[in-house]
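So the structure is just underneath, and the comments pick up after that.
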Amino acid sequence: MSGPLAVEEAQARLLALRSPLAPEAIAFSETLGRYLSQNITAERDQPAAPLSAMDGYAIRFDDLPGPWRISGEVAAGTAPSAPLGAGEAARIFTGAMLPEGADTVVIQENAAAHGATLTLTGDAPARGQHIRARASDFAAGDRLLVAGTRLTPGAIAAAIMGGAAQLAVGARPRVAIMTTGDELVQPGRTLAPGQIPDSNGPMLAALLAREPADAGLPLHMRDDRTMIARVLKDLARRHDVIVTVGGASVGDHDHIRAALEDAGGRVDFWKIAMKPGKPLIAGRIGDALLLGLPGNPSSAFVTAILFLLPLVRHLAGARDPLPEIRQAPLAAALGPGGARRDYLRARRDGERLVLFDGQDSGRTFPLADAGALVIREIGTAAKAAGELADYIDIA
């Protein structure tokens, strides 16, 4: 097998292993965080007619400064009963349709009604003031949302206001999480010498909980190649993605590559030119994709951000599944890059990026306060404090 892949090449190859899942139409209440499968085009004007933006009185601007005869009343959700004639005003409320002939609203604080007579008591409005023009929000035929957009509460509201009866979204990928290692013990259990709590499984489950994914409880396997292969084969029948943690390197107890092949799968690529996270495996078993993450906590976290989450988003129909690269100034100097791209755990201090002193991949504690991954390119020159650095927001 050839040398380590560049991160971008590995990401592209991973996403190319399988097309997005088929879309499904679901209730609006279930669409938050899902990805649209088709463009949303407005089926109606919004507003569909000129509306009052304030409580007050609808008038004809040319009749200023009044007085006027109050000829009726219009509330939101009702149609005006008659056009507005010369010298007439209509009591109107926020969101109500303007009567034909009206082109301005006098807010109620600037007018006084005495019986059927209305007089101006404050500042006169400008022509067209306090009116929401027809289609001022959007017009029928306007593109409201683009396929692949992640649905926010505001996006859902816009789709409904545009006339959508329901939304088609990408299906949620079924994800199995498997941690491996004889040294791992379920959280809360008593530890024997040489054992550590299995933090990676719950960590990945927590990351996936923020995504449109159907992830079950993490499964733990001992370092048994035969058993791992048997379980992989079974999981592949019921899942779209199997993410394993640990066993991805070349040690005597690292069985993921061999177990994948024993289960009838194949490796597409292995090893990435990055730090932490070099020994990452990508392959497939039938229609299921396997992503083998390294076992050190920081390595598992970083590779999940760069590969697992983009894969889940891609399968769920995201237009832009990869993490966004941003820039911010460094709080302190950063040394030159080495032979692999570094993803350095950091926190945000205002606008500055503060790198943690300990960047060892086995350290878990810095992840508790990490809000960013600072990117240091291969062979890049050192940076001084205050210089801009690329980073990924992970808060």
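Below, all heavy atoms of this structure are taken into account, side chains as well, without hydrogens, waters or symmetry copies. From a predicted model like this one, the values you see are computed outputs, not experimental measurements.
The neighbour count for Arg44 CZ, taken as heavy atoms of other residues, nucleotides or ligands under 6.0 Å away, is above 12. With a 6.0 Å radius and a threshold of 12 heavy atoms from other residues, nucleotides or ligands, Arg143 has its CZ atom at or below the threshold.
In this structure a side-chain-to-backbone donor-acceptor pair under 3.5 Å is present from Thr104 to Gly128.
Hydrophobic cluster membership is shared by Leu289 and Val7, with clusters built from Ile, Leu, Val, Met, Phe, Trp and Tyr side chains linked at under 4.5 angstrom. Hydrophobic clustering (side-chain heavy atoms under 4.5 Å, transitive across Ile, Leu, Val, Met, Phe, Trp, Tyr) groups Leu207 together with Val312. Trp270 is connected to Leu290 through a chain of hydrophobic side-chain contacts under 4.5 Å among Ile, Leu, Val, Met, Phe, Trp and Tyr, so both are in one cluster.
With 3.5 Å as the limit, one finds no donor-acceptor pair spanning the side chains of Gln46 and Arg134. For Arg363 and Ser298, the side-chain atoms include no donor-acceptor pair closer than 3.5 Å.
With Ser52 as the partner, the side chain to side chain contact (heavy atoms under 4.5 Å, CB included) test is satisfied by one option alone out of Ile107, Leu98, Thr94: Leu98.
A salt bridge does not link Arg222 to Glu183: none of the charged nitrogens lies less than 4.0 Å from a carboxylate oxygen. A salt bridge does not link Asp342 to Arg340: none of the charged side-chain nitrogens sits closer than 4.0 Å to a carboxylate oxygen. A salt bridge does not link Asp390 to Arg326: none of the charged nitrogens lies less than 4.0 Å from a carboxylate oxygen.
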- Could you go through the salt bridge (charged side-chain N to carboxylate O under 4.0 Å, His left out) check for Asp103 and Arg60 one step at a time? CA-CA 5 Å; Asp103 61 4; Arg60 303 194 320 175; over 6 Å; no

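Every residue meeting the salt bridge (charged side-chain N to carboxylate O under 4.0 Å, His left out) condition with Arg238, not counting sequence neighbours, appears here in chain and number order: Asp234.
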